[in-house]
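Worksheet for the structure shown next.
Ligands are counted one by one from 1 in listed order, and the atoms in each one are counted from 1 as well.
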Amino acid sequence: MYGIYIHVPFCIRKCPYCDFYSVASSEDLRRDYLLALRNQILSFDRVSADTVYFGGGTPSLLTPQEIAGIMSLLRERFDIDDGAEVTMECNPATADAAKFRRFLDAGVNRLSLGCQSFQAQTLRSLGRLHSAEEAKEAVRDAREAGFRNISVDLMLGIPFETPDVAERDALTAAELDVQHVSAYLLRICEGTPFAEGVPGIPDDDVQAECYRRFCGVMDASGYRQYEISNFAVPGYESRHNMKYWQCGQWLGFGPGAHMSDSVTRRSFAADIRRFIDAFRDSPVGDPLPLMQYEGTVDAEEYIITSLRTASGLDTAELSRRFGVSLSVDQISLLEKCRDAGLAELADEHIRLTRDGFLVSNSILSELI
Ligand code: SF4
């Protein structure tokens, strides 16, 4: 089964740490984007899909009618499972209960709210448009509108964060009774204002303690960590994101969107003008030549993404899909990790422990 990703490349204002592709919206640009998106979707052959994900950018800047239009086109063009998970990312500054209700009517059944933090100082340091209270209000509004599958996105390792702040954010998410929490460590990306220097970034030890304390609250509140940065009430794991972590299949539409048929990865350039020029006039015959070749899905990628999940690496699946086994050196390294409490090795499964997750970058780079 495929997943379908729609990249909505519009934001009200660029956050100073963000390197996702987005531009300021205007009526004309949005109209041309929606037309090009329609033609791109119509260019693709029919597949069966059980997840749809509107990511960005800020998908909640589209109107509920526009989201409903895209959903109805997807249902016409592809076999979308009746029980499909349909996620929309949403900036808390862009929707209220009435708008959430109309997104629900449009077919969205899972919201991913980009709260980032529930503390005023950390939100200010991230240049977010919403306050801590507005972030909480967005969660309550979404529930009041009828959403029963709500995720909040938070960040760790942000300026002036302390372990107490991380713990308070985790507690607030749990008190808001959301079904899913993502907590990504801030990455300083080249080309962003943060790359030119940002005060108050906690050092590695403080970041590690923030992560441990955050995870501790998630454990105590009934969430299961199923990926290095993701926690869910059992049964509410993101089905769409699991396709990425299991090197599965998904189609990606819009400028900057990636796609994979589980063998080859492709993307469309992160450039809305080129996207509109390529797809404005009519559905093209074969859209794949317009996509950039990004590489082949190989054993290394499978090992890396699997070891980010709590279920870990299935070595029998590695051998079945890619015809390779771990080398003697790789096994020896993993045994050392096991002896240091960083990994667990059992039958045909290898998984990193929480302490292993904390140093996963070095383990994975040595392993690969
Ligand atoms: S709202 Fe989200 S996508 Fe847009 S700039 Fe901020 S972090 Fe990036």
Side-chain angles (χ1 to χ4, degrees), residues 5-26 29-30 33 37 53-63 66-67 70 87-96 99-100 103 108 110-139 141-142 150-161 169 173 178 180-196 198 201 229-230 238 240-241 244 252-258 267-272 275:
Y5 175 81
I6 308 281
H7 191 75
V8 182
F10 303 118
C11 285
I12 298 172
R13 188 178 75 193
K14 201 77 197 164
C15 303
Y17 55 87
C18 176
D19 74 337
F20 292 129
Y21 177 64
S22 66
V23 295
S25 169
S26 72
L29 198 58
R30 205 159 89 176
Y33 157 80
L37 182 69
Y53 195 104
F54 292 91
T58 308
S60 48
L61 285 177
L62 295 186
T63 66
E66 287 164 342
I67 293 287
I70 298 169
T87 304
M88 187 177 77
E89 291 179 354
C90 176
N91 183 320
T94 58
D96 54 22
K99 196 170 178 189
F100 283 137
F103 282 133
V108 177
R110 181 174 184 271
L111 278 183
S112 176
L113 292 166
C115 299
Q116 315 312 351
S117 172
F118 295 112
Q119 319 297 326
Q121 189 191 17
T122 39
L123 284 173
R124 264 197 307 277
S125 72
L126 290 172
R128 298 293 293 179
L129 283 169
H130 56 85
S131 68
E133 194 42 50
E134 282 167 337
K136 292 183 225 171
E137 200 54 39
V139 177
D141 282 350
I150 302 172
S151 175
V152 296
D153 276 2
L154 298 171
M155 292 174 80
L156 293 170
I158 46 189
F160 307 108
E161 186 175 43
D169 272 349
V178 293
H180 187 279
V181 179
S182 298
Y184 286 94
L185 208 60
L186 173 68
R187 276 187 315 123
I188 304 291
C189 301
E190 258 182 60
T192 64
F194 268 26
E196 285 155 29
V198 48
I201 297 285
S229 303
N230 284 278
S238 164
H240 185 83
N241 286 345
Y244 301 152
F253 300 106
H258 286 240
S267 71
F268 194 88
D271 183 332
I272 192 163
F275 176 72

Is the distance between the ring centroids of Phe10 and Tyr33 under 6.0 Å?
yes

for atom 3 (S) of ligand 1, nearest protein heavy atom and its distance come out as Gly57 N, 3.3 Å

If you measure only the distance, is there a donor-acceptor pair under 3.5 Å linking the side chains of Asp169 and Ser117?
yes

Of the protein's non-hydrogen atoms, which lies at the shortest distance from atom 4 (Fe) of ligand 1, and what is that distance?
Cys11 SG, 2.3 Å

Judged on heavy-atom distance to atom 7 (S) of ligand 1, which of Phe20, Phe10, Tyr17 sits nearest?
Tyr17

Just so I know, are the side chains of Ile12 and Leu61 near enough to count as touching, which here means a heavy-atom distance under 4.5 Å?
yes

Does the side chain of Ser182 come under 3.5 Å of the side chain of Asn230 through a donor N or O and an acceptor N or O?
yes

Of all the non-hydrogen atoms in the protein, which one sits nearest to atom 2 (Fe) of ligand 1, and at what distance?
Arg128 NH1, 4.1 Å

In terms of side-chain heavy atoms, does Asn241 have a donor or acceptor partner in Tyr53 at a distance below 3.5 Å?
no

What atoms of ligand 1 come closer than 4.0 angstrom to any heavy atom of Asn91?
1 (S)

Top protein contact for atom 8 (Fe) of ligand 1, by heavy-atom distance
Cys18 SG, 2.3 Å

Taking the inter-plane angle between the rings of His7 and Tyr5 on a 0 to 90° scale, is it parallel (under 30°), tilted (30 to 60°) or perpendicular (over 60°)?
tilted

Between Ile12 and ligand 1, which residue portion shows a heavy-atom distance shorter than 4.0 Å: side chain, backbone, both, or neither?
neither

Could you tell me whether any N, O or S atom belonging to Cys15 is less than 2.8 Å from atom 4 (Fe) of ligand 1?
no

